[in-house]
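Everything below concerns the one structure shown next.
In this chain, residues are counted from 1 in sequence order. The structure presented is a predicted model; accordingly, all values stated were derived computationally and were not measured.
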Amino acid sequence: MRNLKRIKKDELLDEVIGVASNGGRFIVMTCVDLGDSFEINYFFSMPPQYEMHVYRLIIGEYEELPSISDIYLCAILNENEFQEFYGVKIKNLAVDYKGHLFLANDSPVTPMRKPKKEEA
């Protein structure tokens with residue numbers, strides 16, 4: 001993938017602040033369940049030609065991911081989705097729906113998680 005940069009969790013906020021200060025537009029975040037970890041991809045459109053840039057990091061299934069919602073408020077949708085559907089722990093989320101932005105009270109818990117080997 002062109003313009004892909006692999007980063008560490010502790011580099012995330014500095015990278016996103018750099019993107020924002022250079023006029024980058026937040027596009028979307030994606031989450032991939034790797035079993036015992038998650039791959040999180042952040043997509044930004046960067047001036048002057050607004051090419052797509054992707055920042056990728058991997059966190060353990062019990063690690064906390066820092067929220068970027070203080071920088072790009074619209075990220076609350078993806079970050080709440082990741083908490084609800086995958087169980088990703090996100091700290092300092094600007095607006096935390098506590099598991100009920102997309103899922104109802106009687107919905108399955110973390111429905112997008114891969115089953116553990118002992119559950120399969």
Side-chain angles (χ1 to χ4, degrees):
M1 179 180 289
R2 215 175 134 177
N3 298 322
L4 171 67
K5 182 174 183 181
R6 296 175 192 277
I7 61 172
K8 295 183 181 349
K9 178 178 73 170
D10 59 351
E11 300 170 322
L12 175 64
L13 294 179
D14 287 338
E15 291 287 347
V16 174
I17 288 168
V19 167
S21 66
N22 286 305
R25 298 175 181 166
F26 174 80
I27 305 300
V28 73
M29 295 166 53
T30 62
C31 180
V32 178
D33 182 355
L34 301 174
D36 61 352
S37 60
F38 298 103
E39 176 186 287
I40 311 292
N41 295 285
Y42 297 81
F43 293 79
F44 299 94
S45 179
M46 298 295 294
Q49 285 81 22
Y50 289 95
E51 290 183 298
M52 191 69 64
H53 287 248
V54 181
Y55 293 84
R56 175 176 293 162
L57 62 87
I58 295 181
I59 59 166
E61 67 180 315
Y62 301 111
E63 284 186 68
E64 282 189 317
L65 182 65
S67 174
I68 66 166
S69 60
D70 282 343
I71 305 161
Y72 290 100
L73 182 60
C74 56
I76 66 167
L77 296 173
N78 290 128
E79 291 176 341
N80 276 282
E81 174 188 10
F82 295 174
Q83 287 189 136
E84 292 177 38
F85 291 163
Y86 295 96
V88 175
K89 294 167 184 48
I90 300 180
K91 64 181 177 181
N92 301 321
L93 189 53
V95 181
D96 188 347
Y97 284 88
K98 308 280 189 220
H100 298 292
L101 175 61
F102 298 107
L103 297 177
N105 288 335
D106 58 350
S107 295
V109 177
T110 61
M112 297 300 291
R113 281 302 308 261
K114 290 181 178 178
K116 299 285 185 187
K117 289 180 183 171
E118 59 272 5
E119 296 172 359

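Between Arg56 and Arg6, some side-chain heavy-atom pair lies under the 4.5 Å cut-off. Side-chain contact between Phe38 and Lys89 is absent, with no heavy atoms from C-beta onward closer than 4.5 Å.
Residues meeting the ring pair (Phe, Tyr, Trp, His ring centres under 6.0 Å) test with Phe82, sequence neighbours left out: none. With sequence neighbours excluded, no residue forms a ring pair (Phe, Tyr, Trp, His ring centres under 6.0 Å) with Tyr97.
Atom CD1 in Ile76 sits 8.5 Å away from atom CD in Glu79 (nearest 0.5 Å). For the atom pair CG (Asp96) and CG (Asn80), the distance works out to 5.5 Å, reported to the nearest 0.5 Å. Here Cys31 contributes atom SG and Gln83 contributes atom CD; the two are 11.0 Å apart, rounded to the nearest 0.5 Å. If you take CG on Asp70 and CG on Leu93, they are separated by 9.0 Å, rounding to the nearest 0.5 Å. To the nearest 0.5 Å, atoms NZ (Lys91) and CG (Leu65) are separated by 9.0 Å. Between Phe43 atom CZ and Phe26 atom CZ the span is 10.0 Å, to the nearest 0.5 Å.
Clustering ILVMFWY residues whenever any of their side-chain heavy atoms sit less than 4.5 angstrom apart, transitively, puts Ile58 in a cluster other than the one holding Ile68. Hydrophobic clustering (side-chain heavy atoms under 4.5 Å, transitive across Ile, Leu, Val, Met, Phe, Trp, Tyr) keeps Val95 apart from Val28.
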Show me the donor-acceptor pairs, under 3.5 Å and distance only, between side chains in residues 15-25 and residues at least two apart or in other chains.
| from | atom 1 | to | atom 2 | distance (Å) |
| --- | --- | --- | --- | --- |
| Glu15 | OE1 | Lys5 | NZ | 3.4 |
| Glu15 | OE2 | Lys5 | NZ | 2.8 |
| Ser21 | OG | Ile17 | O | 3.2 |
| Ser21 | OG | Gly18 | O | 3.0 |
| Asn22 | ND2 | Gly18 | O | 2.8 |

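The two residues Leu103 and Phe85 have their closest heavy-atom pair at CD2-CE2, 3.3 Å. Closest approach of Ile59 to Lys9, counting heavy atoms only: CG2-CD, 3.9 Å. The two residues Asn92 and Ser69 make their nearest non-hydrogen contact at O-OG, 3.9 Å. Among all heavy-atom pairs drawn from Ile40 and Met29, the shortest one is CG2-CE, 4.1 Å. Looking at every heavy atom in both residues, Ile7 comes nearest to Leu57 through O-CB, 3.3 Å. Nearest heavy-atom pair, Phe102 versus Leu77, reported as atom, atom and distance to 0.1 Å: CE1-O, 3.6 Å.
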Would you check, one step at a time, whether the test side chain to side chain contact (heavy atoms under 4.5 Å, CB included) holds for Tyr55 with Asn41?
-> CA-CA 6 Å; Tyr55 293 84; Asn41 295 285; over 6 Å; no

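The aromatic rings of Phe44 and Tyr72 are tilted relative to each other, their planes meeting at an angle between 30° and 60°.
Between the Glu39 side chain and the Leu34 main chain, no donor and acceptor come within less than 3.5 Å of each other.
Paired with Asn3 under the rule side chain to side chain contact (heavy atoms under 4.5 Å, CB included), one option of Glu51, Met52, Met46 passes, and it is Glu51.
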